[in-house]
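Worksheet for the structure shown next.
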Amino acid sequence: MSFSSLFLALSGLLGFTLAQGPDAYAPSTNVPCPDVTTNPLIRVFNASAQTLNPQEIVYFTTRKSSVIPGQWSNWLGDGAGIGYNLQTFANAFPNVSIAISGGGYRAAQYGAGVLSALDARNSTAQAVGTGGLLQVTSYLSGLSGGSWLTGSLYLNDFPSSRDLVLGNGNDLGGWLLDLFLIAPNGFNIFDSKNRNFFGNLATSAESKANRSLDVSITDIWSRAISYHFLNGTTRDNFYDEGLAHGAGQLWSHIPFSSSFLQQSIPFPIIQTVSRGPNTTVNSSATLQDIQYEVTPLEWGSWDPTLSAMMNLSFAGTQLVNGQPANSTACVTGFDQAGFVMGTSSSLFDSIGSNVAASASGLGTNVANLIQSFVQDFLTPIHMDSEDLSRWPNPFQNLSGRAFSETNSAYLSLDDGGSAGENVPLGPLFVRARSMDFVVAVDGSMDTNESWPDGVSLINSAQRQSTVTSQTHQPFPPIPASTDDFISTGVNRRPTLFGCDPTQNPPEWPLVLYLPNSPPTDGSDPVTNTNTFTLSYSLEHTVEFLNQAFNSTVNGFVPNTNNPDPNWGKCLQCAAIDRARFKTNPVTARSSFCQTCFTQYCYNPSNPPSQSELPNRSFNLVVPGGAMATTASTTLIVVVASAVALCNLWRVLPLVCLLCWR
Ligand SMILES: *[C@@H]1O[C@H](CO)[C@@H](O)[C@H](O)[C@H]1NC(C)=O
Ligand SMILES: *[C@@H]1O[C@H](CO)[C@@H](O)[C@H](O)[C@H]1NC(C)=O
Ligand SMILES: *[C@@H]1O[C@H](CO)[C@@H](O)[C@H](O)[C@H]1NC(C)=O
Ligand SMILES: *[C@@H]1O[C@H](CO)[C@@H](O)[C@H](O)[C@H]1NC(C)=O
Ligand SMILES: *[C@@H]1O[C@H](CO)[C@@H](O)[C@H](O)[C@H]1NC(C)=O
Ligand SMILES: *[C@@H]1O[C@H](CO)[C@@H](O)[C@H](O)[C@H]1NC(C)=O
Ligand SMILES: *[C@@H]1O[C@H](CO)[C@@H](O)[C@H](O)[C@H]1NC(C)=O
Ligand SMILES: *[C@@H]1O[C@H](CO)[C@@H](O)[C@H](O)[C@H]1NC(C)=O
Ligand SMILES: *[C@@H]1O[C@H](CO)[C@@H](O)[C@H](O)[C@H]1NC(C)=O
Ligand SMILES: *[C@@H]1O[C@H](CO)[C@@H](O)[C@H](O)[C@H]1NC(C)=O
Ligand SMILES: *[C@@H]1O[C@H](CO)[C@@H](O)[C@H](O)[C@H]1NC(C)=O
Ligand SMILES: *[C@@H]1O[C@H](CO)[C@@H](O)[C@H](O)[C@H]1NC(C)=O
């Protein structure tokens, strides 16, 4: 069956074109399975012989041969501006990809601002020379808050970031970040508008539970996220309880959007991680736990012990050695776009393990409240893995694998960043994807002032040199510790890693690090907000986008507060650099580009210094004079809302599903 006939068949079975309400979230559970002897639902490969999904290959190669070459010349012209003749590289354009980190609304907005700056559709970015990278990109990966941006882009047919976030007064309602994620009409949870909102979320979760599928707190979370990031919710209809608010929009429908059909956009990938089968009260995911990805075609893992993918349209079906237990009881419609984003951002785990420690020092009453919340609510749901996302396991008993969860009926998937890799680089380093240039957009909150300190890259490098050395490209040299990231200043400005490979083909891709960092000109930052800040004034969002955009178009000039007028071209030098290795003989780096590389590359034997970045301001100043929300106050708000919500759920029919038995 072709993809489009499958679409029609599924739309008939699911009625997703008809379902208008929140129960469109319910998967269909009695769908005839394909004949798995001719159309397997599981795609197996092995670590030493990886294969991509055939439809991914078609997308990649068609885009690369018919769309991307024109985009390189739109961006670089004939190449003379950076000292090359672009013609020389015509058959060897590098494979480019972008990863957007986690970090809640902060990371989503940071990613959106950065993408504007790399987007040729933004005339300012295009004039500076940074705008154009997005158009030559083959893959875009997102995790947690970064998955919200990614999902929002793809489920809205990939508009410009600014229209996506702020709305366009027409078919895009914007992210509506001023409406608090957990209680949009303010802190009174018995308010009727809030109750309409909670009622909608509960109906969705109940409709899924009615199909005998496990439901967890992540389903509620997924539905709340959908209000902001999926198509269908506006300020005017926000409290209309009967509307779908994104329910029924499937990740596997992305291939039917018009930009995807024209191959004009990168191929999206979402990253998540399993917490593993041996849950204890204080355990969270580790670098050893299996890392999963979700594409519009399939979901599964490149980790050597699994090396298998499942057809995403049938996610939710349990399979044993690739066989359904009942050939008329396959599941479809499980891959709700909200649930894919919710899975990747299922951060209740980390709230649970961090809350108790943070509670001390907040005053006895608050500490008691928080501690009883942890004991009564988070600990039980943690032990039952109900704080995570529950995916029926289709990889049971696959032969010839040392897969640690081979006997689990459900996989418990966790926030993509919970094992310490907050920038979703894993999927982009998979050897079969052959990436040459990888952009790491890091909006993590690592330092005490909520800036990234490189720990995510250190963890990626470590995982790729141990757990996945066979399946993933190695990481280029980076500073050895977070202290080194900070003292060299590479966490505060664009930095290139792996500029000078020692072999051909190069042993690692070139990596551009774009950390969320203070404004170059020394003005007060607005982008280092807390992950648990779950509402933003419109004014703040606008300034946030502008600052993130600005840092991405500005580059830096050592020992000054000035933007670098050459940075746009330097970015072009970086993006095209690996093409030189494909020519015979290898083309020398142009002198213009060599100057750029001297300024922007991290050279381990002659590291740069933080002192080259003088007069930066690090402390958040919230625009409009609003009270700065500190980590502890937002944490209290989250915890108090969760306590309140949990109490509310107990009086709703959802009681037995979500709280405790
Ligand atoms: C298989 O699923 C169908 C529903 O599609 C159900 O009627 C039937 O009882 C199931 N068979 C078994 C053996 O469970
Ligand atoms: C992995 O693939 C190689 C090459 O195709 C093959 O020789 C080997 O038997 C495979 N290993 C497993 C465990 O399937
Ligand atoms: C890009 O990807 C293709 C397909 O995986 C691979 O053959 C090629 O070597 C990669 N790099 C370049 C520069 O073409
Ligand atoms: C470019 O993007 C920035 C950040 O989103 C935005 O402020 C600006 O208005 C955009 N410029 C144009 C010309 O679209
Ligand atoms: C949003 O959904 C509506 C109704 O289905 C559709 O008409 C519109 O094109 C969608 N907008 C985008 C940006 O995909
Ligand atoms: C779930 O099932 C119960 C019992 O059949 C039914 O009363 C309820 O309306 C269903 N809920 C949803 C949201 O479908
Ligand atoms: C989980 O625990 C079992 C039993 O102690 C052990 O055999 C297994 O290796 C553990 N799995 C992981 C992934 O730690
Ligand atoms: C879990 O962590 C808390 C806080 O750090 C500690 O008090 C408790 O003893 C730990 N529990 C277990 C079972 O390790
Ligand atoms: C999923 O399965 C259906 C039915 O066999 C098939 O038409 C479709 O192409 C499959 N999707 C992928 C990505 O393989
Ligand atoms: C898993 O496979 C083993 C060996 O093939 C078999 O003995 C066992 O019964 C299978 N388990 C299940 C749940 O099917
Ligand atoms: C954060 O840490 C830096 C360096 O350790 C220190 O100078 C600064 O005062 C700290 N800021 C806050 C807000 O604690
Ligand atoms: C953007 O950067 C330029 C150059 O540093 C500066 O003059 C301008 O004020 C910045 N704009 C914003 C919104 O930060």
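Order of appearance sets the numbers: ligands from 1, and atoms from 1 within every ligand. Bear in mind the structure is a predicted one, so any value in this text is a computation, not a measurement.
Electrostatic pairing of D453 and R492 does not count as a salt bridge here, judged by no charged N lying under 4.0 Å from a carboxylate O. Using a cutoff of 4.0 Å between basic side-chain nitrogens and carboxylate oxygens, R121 and D119 are scored as salt-bridged.
Taking the ring centre of F339 as origin, the terminal cationic atom of K208 falls inside the region bounded by 6.0 Å and 45° from the ring axis.
No side-chain N or O of Q126 forms a donor-acceptor pair with one of N74 less than 3.5 Å apart.
Those atoms of ligand 12 with a heavy atom of N554 less than 4.0 angstrom away are 2 (O), 4 (C), 5 (O). Taking a cut-off of under 4.0 Å to the non-hydrogen atoms of T203, the atoms of ligand 6 that pass are 13 (C).
Looking at R493, its side chain never comes within 3.5 Å of a backbone N or O of F556 through a donor-acceptor pair.
Taking both residues in full, the closest heavy atoms of L153 and L164 are given as CD2-CD2, 3.7 Å, listed atom of the first, atom of the second, then distance. The two residues S444 and S101 make their nearest non-hydrogen contact at N-OG, 3.8 Å.
Remark: D214 pairs with R390 by the salt bridge (Lys or Arg N to Asp or Glu O under 4.0 Å) rule, at least two apart or across chains.
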Do any nitrogen or oxygen atoms of ligand 4 lie under 3.5 Å from a protein nitrogen or oxygen, and which ones?
from: ligand 4; atom 1: 2 (O); to: N122; atom 2: ND2; distance (Å): 2.2
from: ligand 4; atom 1: 5 (O); to: S116; atom 2: OG; distance (Å): 3.0
from: ligand 4; atom 1: 7 (O); to: R162; atom 2: NH1; distance (Å): 2.9
from: ligand 4; atom 1: 7 (O); to: N546; atom 2: OD1; distance (Å): 2.7
from: ligand 4; atom 1: 11 (N); to: N122; atom 2: OD1; distance (Å): 3.2
from: ligand 4; atom 1: 11 (N); to: N122; atom 2: ND2; distance (Å): 3.0

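Between N210 and ligand 6, at least one N/O pair is under 3.5 Å apart. Taking any N or O of E206, backbone or side chain, at least one lies under 3.5 Å from an N or O belonging to ligand 6.
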